[in-house]
Amino acid sequence: MQEKRVASTVLVHIALLIGLVLMIMPFVWMLSTSFMTEAEAFTFPPRFIPQEPILDNYVELFRRLDFTTYFKNTIIVALFVTTISLFLNSLAGYAFAKIDFRGRNKLFLAIMATMMVPGQVTVIPVFLLMRIFGMVNTHAGLIVPGLVGAFGIFFMRQFIKTIPDELIEAAQIDGASEFWIYARVIMPLCKPALATLGLFTFMGSWNSFFWPLIIATDSNMFTLPVAIAVLSGQHGTNFPLLMAGATIVVAPIVVVFLFLQRYFTSGITLTGLKG
Amino acid sequence: MGWLFISPAIISLGLFLALPLFASFGLSLTDFNVFAVRDWGRASFIGLANYQALFRDPLFWISLRNTLYFAIVAVPLSIAASLTIALLLNRKDVKMKRFFRLGYFLPVITTTAAVAVVWRWVLNPRFGIVNWLLSLVGIEGPAWLADPRWAMPALIAMVIWRGLGWNMIIFLAGLQGIPKHYYEAAQIDGANGWQLLWHITVPLLRPTMFFVTIMTIIGYLQFFEEPFIMTDGGPLNATISVVLYIYRQGFRFFNLGYASALAYVLFMIIITITLLRIWVGRTSSEY
């Protein structure tokens with residue numbers, strides 16, 4: 001019995017390890033190919049360690065192709081989307097959690113229902129709207145439509161609901177305004193929730209593809225995901241160059257994730273429990 | 001005061017979500033095309049003609065069939081794989097849990113567009129690592145993305161690989177929510193591992209399973225980036241999805257009226273499946 005248990009433990013670890021190798025292998029190969037010449041990449045069996053690692057692919061992306069611009073665009077958009085949407089969603093989340101006003105619950109339900117609407121249904125009118133506003137091919141056009149979302153409001157409301165009312169009442173007795181309470185009492189207590197939601201938003205913006213593809217038709221407004229897709233179409237078979245491009249897109253988000261992963265798991269668990 | 005706090009959110013959702021939701025239905029009743037983009041006066045009301053055209057459009061049916069094929073195969077496989085890994089990681093005797101969790105989760109956070117490009121390389125018939133791994137066990141791999149029969153299975157494999165970690169984390173949370181004393185009580189009664197799984201874990205995991213299934217179905221029906229980047233719907237339209245077809249009609253040909261009709265049909269399908277699943281979930285959990 002004891003032996004059987006040990007055997008099953010070992011077997012489970014081997015299975016998990018094989019799975020893990022399969023999960024990670026594409027990234028390892030992406031990274032190693034990005035340091036190869038085309039001649040070296042096109043060898044069989046595939047090499048995982050370049051014999052003479054080169055940086056030419058990265059140099060080409062930043063020098064000859066315009067990856068500096070794409071990188072800047074992606075960061076600008078992600079930072080603006082994250083900060084503004086944290087502010088607007090937490091403001092609404094606070095009102096839905098703690099302020100009594102007429103029609104509050106019905107309105108909240110209506111907002112939650114918008115989660116069922118897929119982006120493809122609204123994208124065409126939003127695109128036409130952006131043309132009216134003159135925001136096609138601008139940073140604003142990339143940023144503005146995605147600032148407020150039902151999920152962000154829901155997430156902040158759930159967290160703010162757990163903050164005791166006494167704190168708010170005490171501030172009200174001291175004559176604090178509603179906005180002061182939001183900014184000085186509630187927000188400092190929301191730091192973990194803001195960190196989690198902020199990370200989700202930043203990553204969502206960094207990775208987003210459909211909307212930037214539509215609104216940024218001019219290459220100087222491309223974000224990294226759009227740029228890598230276009231590069232894949234133009235340099236379809238130069239895989240070392242494409243892998244260097246993919247590494248540039250993926251690496252920052254992986255680094256952010258590795259540093260801040262504890263906020264991720266807590267956030268996903270929260271979304272999982274809402275069902 | 002409450003209204004003041006929510007007004008920016010309401011204005012934004014109204015302008016970019018509620019209004020477009022109705023506007024796109026309106027658009028779907030017009031022949032809004034590339035000329036109308038410059039001058040709206042050139043679009044005219046044509047009633048349900050777009051919807052009639054759509055039902056006669058072979059490419060719509062192909063894209064719908066592909067999307068359903070993709071979802072019907074990928075949803076159960078993806079859920080089975082993530083549940084299996086979650087169950088393994090939830091065992092008491094497994095060491096280095098954090099490390100494994102991290103590794104399985106990594107693909108989830110990475111940019112789909114970039115990962116799709118990486119997988120074009122991974123699936124390369126002559127030099128890619130998939131066919132290399134297959135050759136190690138004596139199988140000669142197909143041409144994957146260039147082969148109409150194997151392109152969709154290849155995309156399915158990639159999407160499962162990418163999404164596994166997400167559902168795994170949700171399942172792990174669900175598993176940890178099951179009270180330990182249920183297992184202890186059953187073990188005292190002499191239940192074995194499979195019995196514990198079948199009679200305690202599976203029924204008690206039902207709410208999590210329900211949530212995961214709905215979210216996965218909705219997500220998969222909107223399948224777009226992978227075929228857009230990896231195959232552009234080919235070969236021979238084998239991987240064109242509904243959303244890819246909407247994109248093509250809307251933003252390559254600027255048939256915005258027709259594309260809106262396509263989008264509305266997809267919307268109706270998603271809503272129907274969601275409500276159906278909610279209804280099935282309600283009735284079957286009452287025992």
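Letters go in sequence order (proteins before strands), and every chain restarts at 1.
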Practice problem: Return the orientation label for the B:Phe5 and A:Tyr94 ring planes: parallel under 30°, perpendicular over 60°, tilted otherwise. | Solution: tilted
Self-check item: Ring geometry between B:Phe254 and A:Phe127 (parallel below 30°, tilted from 30 to 60°, perpendicular above 60°)
Solution: tilted
Exercise. Output all residues satisfying salt bridge (charged side-chain N to carboxylate O under 4.0 Å, His left out) with B:Arg248, sequence neighbours left out; order by chain, then residue number.
Key: B:Asp232
Quiz prompt | Result of checking B:Ile10, B:Leu13, B:Ile6 against A:Val148 for side-chain contact (heavy atoms from CB on, under 4.5 Å) | solution = B:Leu13
Quiz item: B:Leu17, B:Ile129, B:Leu89, B:Val122: which one forms the most heavy-atom pairs within less than 4.5 Å of chain A?
Solution: B:Ile129
Quiz item: Any sub-3.5 Å donor-acceptor pair from A:Asn207's side-chain atoms to B:Ile109's backbone N or O?
Solution: yes
Quiz item: What about the rings of B:Phe127 and A:Phe239, do their centers lie closer together than 6.0 Å?
Solution: no
Quiz item: Is the distance between the ring centroids of A:Trp211 and B:Tyr247 under 6.0 Å?
Solution: no
Exercise. Can you tell which part of A:Ile153 gets under 4.5 Å to a heavy atom of chain B, answering side chain, backbone, both or neither?
Key: side chain
Between [atom1] of [X] and [atom2] of [Y], what distance do you get to the nearest 0.5 Å?
X        : Y        : atom1 : atom2 : value
A:Gln120 : B:Tyr245 : CD    : OH    : 16.0 Å
B:Ser12  : A:Leu147 : OG    : CG    : 6.0 Å
B:Leu15  : A:Leu129 : CG    : CG    : 5.0 Å
A:Thr237 : B:Arg120 : OG1   : CZ    : 8.0 Å

Quiz item: Would one find more than 12 heavy atoms of other residues, nucleotides or ligands at under 6.0 Å from atom CZ of B:Phe22?
Solution: no
Quiz item: If you check every heavy atom in residues 251-258 of chain A against those of chain B, which residues fall under 4.5 Å?
Solution: A:Ile253, A:Val254, A:Phe257, A:Leu258
Exercise. Could you check A:Met243 against B:Val117 for side chain to side chain contact (heavy atoms under 4.5 Å, CB included), going step by step and ending with a plain yes or no?
Key: CA-CA 8 Å; A:Met243 292 307 108; B:Val117 175; 4.2 Å; yes
